[in-house]
Amino acid sequence: MSGHTEVGNYLTHPKGFWSWVTTIDHKRIGIMYMATTMTFFFIGGIFALLVRLELLTPGLTVMSADTYNKFFTYHGAIMVFMFIIPIIPAALGNFFLPIMIGAKDVAFPRLNLASYYIFISGAALAVWALMAHGADTGWTFYTPYSIRTNTSVVLVALGVFVMGFSSILTGLNFITTVHKLRCPGMTFYRMPLFVWAVYATAIIQVLATPVIGITTLLLVMERVLKIGIFDPALGGDAVLFQHFFWFYSHPAVYIMILPGMGIISEVIPVFARKHIFGYKAIAYSSLAIAGISFIVWGHHMFVSGQSPLANLLFSVLTMFVAIPTAIKVFNWTATLYKGSISLKTPMLYAVSFLFMFTIGGLTGLFLAALSVDVHLHDTYFVVAHFHYVMMGGTVMGLLAGLHYWWPKMFGKMYNEWGGKISWALIFIGFNMTFFTQFFLGYLGMPRRYYDYPPQYAGLNMISTIGSWFLFAGFLLMLIYFIRSFFSKEKAADNPWGGKTLEWQIPSPPTEHNFHETPTVTGKPYDYGVVKL
Amino acid sequence: MIAMLLFQWRLPQASNFAPMVDRLFDFILWFSIISFLIIVVGMVFFLFKYWRKKIPEDKSAYITGHTKTEMSVAFFLLVVVMVIFYWGWIDYKAMKTAPEDALEINVIARQWLWQFQYADGKMLTNELVVPKDKPVSLIMTSQDVLHSFYVPDFRIKQDVLPKMYTNVWFVANKTGPYQVFCAEYCGTSHSQMLAKVKVLEPDDFEQWQMTGELPEGMETKVAPAEASAAVSGAAASTQGEPLAEKGKTLFSNKGCTACHSVTGAAGVGPTLKGLFGHPVELVDGQKVNVDENYIRQSITEPQSNMVKGFQPIMPTFKGQLSEEEINALISFIKSLK
């Protein structure tokens with residue numbers, strides 16, 4: 001707890017702005033990613049609130065249809081490419097993956113910093129394009145609309161292309177780090193499950209991201225040079241774009257969710273004082289999900305005109321995703337059995353992950369079943385399902401991780417009551433906003449609708465009011481996180497009693513993480529004494 | 001509560017597919033509710049029972065897993081999802097197989113309206129009139145970007161693509177007007193790309209075909225000039241000559257008769273008699289069935305799928321024919337039985 005004062009922590013040592021922008025310390029790079037991506041989360045969130053505000057009543061509420069179409073595009077593009085894909089691996093993964101395997105840094109620290117600047121460049125390009133000319137294609141850029149709209153699709157697509165390289169390089173860095181830099185005694189089966197999850201994610205990042213790069217380049221070539229690739233008017237194939245796009249973007253959904261699952265696997269054992277139930281099953285299911293993620297993309301295209309045979313194959317393959325996912329949910333729940341459970345803020349988010357991700361996962365079954373998907377495809381049911389998985393899953397995992405590791409990252413503790421109230425607002429707000437959308441979708445309301453018939457008015461109003469609760473919750477969170485920086489009290493090195501390596505070093509860690517290379521002799525979740 | 005809400009919030013079941021889709025929907029819904037309750041009730045129960053105030057930190061159990069339970073859960077789930085998959089596939093196959101005697105109507109979608117072209121020459125905008133209890137097959141194409149033809153009360157949806165045809169069919173089994181949405185984002189007025197399907201008793205439908213008059217309660221309403229929907233869903237209809245007749249005229253006006261006979265006699269190009277719905281052999285040896293998409297492609301890109309034994313001399317008609325005209329030509333070729 002004390003006695004580390006002779007070495008400065010990574011936040012203050014070395015000092016100065018220049019030392020931050022040129023840092024090759026994985027922790028600082030992680031913090032920089034976190035600040036950037038959380039800013040994008042805030043901006044993307046504002047657009048979500050505006051979209052919901054417009055939908056408060058039918059017809060024109062506050063903005064025109066063209067503005068609405070741009071705003072939902074900004075919301076989707078910012079949240080997907082600039083927030084949810086990078087946030088957990090590049091921010092929390094960068095910070096904790098090396099520490100959790102007893103390493104002093106990632107395998108290629110300079111490349112790590114380069115990844116960050118590539119990400120910033122791509123994001124800046126995309127944001128500038130959005131601000132200067134706008135884009136109204138939705139985050140999916142479906143052709144031929146994206147070929148014909150007179151908004152700045154080219155620049156946004158190039159921004160996505162550039163950000164993709166950042167994702168590939170980060171993935172490459174993590175794979176190498178896990179293989180080469182584990183400390184003595186840190187066998188694969190002693191690695192924390194967060195490391196397994198980020199490792200599986202990194203594999204997808206490296207293998208899938210080049211495809212979105214190629215796709216966006218082809219889109220740019222078609223728009224600029226008028227080469228017919230995707231636009232039937234130029235002799236292209238509109239559905240081909242959907243194949244290319246989802247070949248990346250479906251695995252990308254698992255880039256988004258797997259690290260969140262990894263965090264849940266860390267938080268639940270610590271706060272339940274229990275060994276994780278089925279360590280290997282959870283680790284392997286991460287790899288299984290990563291593998292299956294490459295062969296299910298066609299389930300986004302069941303009514304696109306794709307052949308019935310392709311639909312049959314994609315439907316059956318998609319069903320297999322349910323198995324490893326359900327094993328994880330079952331094992332997390334089973335970990336609570338006969339534990340000693342403390343419901344501190346990180347654990348509140350972890351159990352709400354279980355609650356909402358289960359809904360998100362089960363509603364996926366409706367969409368994987370061919371005949372039912374014909375009715376539900378492109379309706380609010382899909383919007384609700386996606387947000388239950390991404391926000392109810394990934395963002396809950398992220399918030400669990402953020403609250404869990406906050407004292408480690410900054411050496412300060414946030415206000416616990418602030419955390420609990422903010423959690424309640426977010427939990428209520430989220431379910432109000434998105435549960436109603438399952439009904440809207442079943443009742444046939446299509447997505448990306450600026451206006452809607454009067455029969456959908458009541459549910460839309462509830463959904464919009466829910467979004468205000470969500471906003472209040474996040475605002476409160478921002479306040480208590482900022483306040484924690486000014487708190488005089490120093491957080492303990494291991495406030496939750498964690499057994500993984502990051503809790504065995506000072507809070508905040510020193511520049512090189514460990515005074516001496518640690519040697520690991522046991523498993524990461526060895527809690528519990530009462531033998532059965 | 002969820003189930004109660006759903007039963008009150010049921011959509012009308014107005015087509016042959018609606019009860020079928022709802023049955024599988026309900027099955028997945030109940031399976032989901034039960035699975036959800038097992039997880040969440042279990043979780044909440046554990047949270048209360050093993051709360052740290054009751055179980056001290058150093059009194060938790062040491063359990064690392066139980067492979068048999070995990071495998072049983074996985075196996076049970078595998079069986080259920082395979083049932084869901086197979087059930088969904090069987091129902092979907094029915095949706096993809098239109099009966100031979102279906103009433104065919106051409107649909108042309110464009111930003112931001114729907115046009116319905118009938119064999120007898122009627123052209124309706126944002127209004128589709130169909131008889132009750134008779135299969136209806138829609139042959140759809142788009143003039144610009146992607147659209148999607150969606151009737152929630154029928155549980156049918158199919159994307160509509162430019163430069164090719166996609167198909168959807170249904171049997172409407174309750175009279176009434178039903179909402180049509182465009183479900184694939186298509187730009188500014190995507191949410192105003194609305195239409196109505198009007199399902200009439202067979203007698204009323206015949207009456208409508210002859211006189212163009214819709215029965216009481218189904219009349220075309222002129223859209224009120226509201227702020228929210230200035231033009232959306234405004235319906236209109238025109239009566240032209242029957243589609244096959246129009247196609248016949250085009251067929252001679254465009255000079256097709258010079259090479260293609262309609263009598264079965266050989267010419268510079270293959271005869272079109274008895275062509276539709278039958279297989280042809282292409283120059284690369286591939287056998288394809290002649291359908292709407294094949295004929296369309298032969299008109300716009302004749303060299304791309306040449307029939308074996310003929311010279312590649314046909315000029316392209318790309319950009320020279322409107323969607324309505326291509327539909328008329330196809331309708332004419334179909335009539336050459």
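A, B, ... follow the sequence lines: proteins, then strands. Residue 1 opens every chain.
Within 6.0 Å of CE in B:M82 there are more than 12 heavy atoms belonging to other residues, nucleotides or ligands.
Closest approach of A:A369 and B:L24 over heavy atoms only: CB-CD2, 4.0 Å. B:K163 approaches A:P232 most closely through the heavy-atom pair CG-CB, 3.4 Å. When all heavy atoms of B:V145 and A:P144 are compared, the pair lying nearest together is CA-CG, 3.8 Å. The shortest heavy-atom contact between A:G278 and B:E70 is CA-OE2, 3.4 Å. Shortest non-hydrogen contact noted between A:F271 and B:R52 is O-NH2, 3.2 Å. Scanning all heavy atoms of the two residues, the minimum distance from A:G339 to B:I55 falls at O-CG2, 3.5 Å.
Considering only heavy-atom pairs separated by less than 4.5 Å from chain B, the leading option among A:A281, A:S146, A:S315 is A:S315. In terms of heavy-atom pairs under 4.5 angstrom with chain B, the leader among A:M445, A:M319, A:M301 is A:M319. Interface check for chain B: of the options A:N311, A:T379, A:T335, the most heavy-atom pairs under 4.5 Å are formed by A:N311. When the candidates B:W87, B:W51, B:F75 are compared by the number of heavy-atom contacts under 4.5 Å with chain A, B:W51 comes out ahead. If you tally non-hydrogen atom pairs under 4.5 Å between each of B:A183, B:A94, B:A18, B:S32 and chain A, the highest count goes to B:S32. Top candidate by heavy-atom pairs under 4.5 Å with chain A, chosen from B:Q158, B:Q179, B:K49, is B:Q158. Contact count versus chain A (heavy atoms, under 4.5 Å) is highest, among B:T300, B:V73, B:V168, for B:V73. For the set B:C182, B:S189, B:S35, B:P56, the count of heavy-atom pairs under 4.5 angstrom toward chain A peaks at B:C182. Of the listed residues (A:I276, A:V351, A:D373), the one with the most heavy-atom contacts under 4.5 Å to chain B is A:V351. Among A:T149, A:N331, A:I327, the residue with the largest count of heavy-atom pairs under 4.5 Å with chain B is A:N331.
Rounding to the nearest 0.5 angstrom, the gap separating the NE2 atom in A:H375 from the OH atom in B:Y150 is 4.0 Å. From B:F25, atom CZ reaches atom CZ of A:F366 across 5.0 Å, with rounding to the nearest 0.5 Å. Of the inter-residue distances, the one linking A:L370 atom CG with B:K96 atom NZ reads 10.5 Å to the nearest 0.5 angstrom.
When the options A:Y68, A:F141, A:W139, A:Y145 are evaluated for a ring pair (Phe, Tyr, Trp, His ring centres under 6.0 Å) with B:Y185, the one that passes is A:Y145.
Taking the six-membered ring where the residue is Trp, B:F46 and A:Y337 present tilted rings, their angle falling between 30° and 60°. The aromatic rings of B:F181 and A:Y456 sit tilted, their planes meeting at an angle between 30° and 60°.
In summary, the aromatic rings of B:Y92 and A:F302 are positioned with their centroids too far apart to meet the 6.0 Å limit.
Contact annotation for B:E184: both backbone and side-chain heavy atoms come within less than 4.5 Å of a heavy atom of chain A. Using a 4.5 Å cut-off between heavy atoms, B:D153 makes no contact with chain A at all.
In this structure, the side chain of B:K157 engages the main chain of A:H377 through a donor-acceptor pair within 3.5 Å. A distance-only check finds no donor-acceptor pair linking the side chain of B:T188 to the backbone of A:D66 [under 3.5 Å]. Within the 3.5 Å criterion, the main-chain N or O of A:D451 finds a donor-acceptor partner in the side chain of B:S191.
Taking 4.5 Å as the limit, every side-chain heavy atom of A:V374 sits out of range of all side-chain heavy atoms of B:V21. Here the side chains of A:Y279 and B:T64 are not in contact, with every heavy-atom distance at 4.5 Å or above.
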